[in-house]
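Contents: one structure, followed by commentary.
Only a predicted model underlies this, so the values are computations on that prediction, with no experimental measurement involved.
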Amino acid sequence: MFKCEVCGCEEARTELVSDIFLVEGKRILVEQIPARVCTVCGERTFSRDTTEKVRRIVHGEAAPVGVVELEIYAFA
């Protein structure tokens with residue numbers, strides 16, 4: 001059963017999401033991560049298996065499928 005830890009909603013949809021991780025000062029984009037997404041607030045929740053697989057990916061156990069240039073701006 002799903003219960004959002006942010007808003008308490010009990011409804012979620014399954015989606016493939018992307019996220020950027022900062023590992024040792026390097027930004028790493030991981031795409032197509034399976035997640036449960038709260039239908040009210042959009043909070044994303046990952047299973048333990050998914051979290052562990054992402055951890056292994058960002059720490060070098062998978063080869064990147066591509067490289068992109070990223071522009072960085074300061075808000076201030």
### Summary
Contacts satisfying salt bridge (Lys or Arg N to Asp or Glu O under 4.0 Å) that involve residues 61-76 (not counting sequence neighbours) are Arg56-Glu61

### Query
How many angstroms lie between OG1 in Thr39 and CZ in Phe2, if you round to the nearest 0.5 Å?
7.5 Å

### Task
Let me see the working for Val54 and Phe46 under side-chain contact (heavy atoms from CB on, under 4.5 Å), right down to the final yes or no.
CA-CA 10 Å; Val54 168; Phe46 306 103; over 6 Å; no

### Task
Indicate the atoms forming the closest heavy-atom contact of Val58 with Ile28, along with that distance.
O-CD1, 3.5 Å

### Pairing residues for Thr50 by the side chain to side chain donor-acceptor pair (under 3.5 Å) criterion, not counting sequence neighbours
Ser47

#### Entry: hydrophobic_cluster_shared for Val40 and Val6, side chain cutoff 4.5 Å
no

### Message
Nearest 0.5 angstrom please: His59 NE2 to Glu24 CD, how far?
### Response
7.0 Å

### Task
Answer with yes or no whether the hydrophobic clustering places Val23 together with Val30; edges join I, L, V, M, F, W, Y residues whose side-chain heavy atoms lie under 4.5 Å apart.
yes

### Message
To the nearest 0.5 Å, what is the distance between CG on Leu70 and CG on Leu29?
### Response
9.0 Å

### Query
Is the CD atom of Glu11 crowded by more than 12 outside heavy atoms at less than 6.0 Å?
no

### Smallest separation among heavy atoms of Ala35 and Val17, with atom names
CB-CG2, 4.0 Å

### Distance (rounded to the nearest 0.5 Å) between Arg44 CZ and Cys38 SG
13.0 Å

### Task
Could you tell me the separation between the CZ atom of Arg36 and the CZ atom of Arg13, rounded to the nearest 0.5 Å?
10.5 Å

### Summary
Rounded to the nearest 0.5 Å, the CD1 atom of Ile20 sits from the CD atom of Glu31 at a distance of 9.5 Å

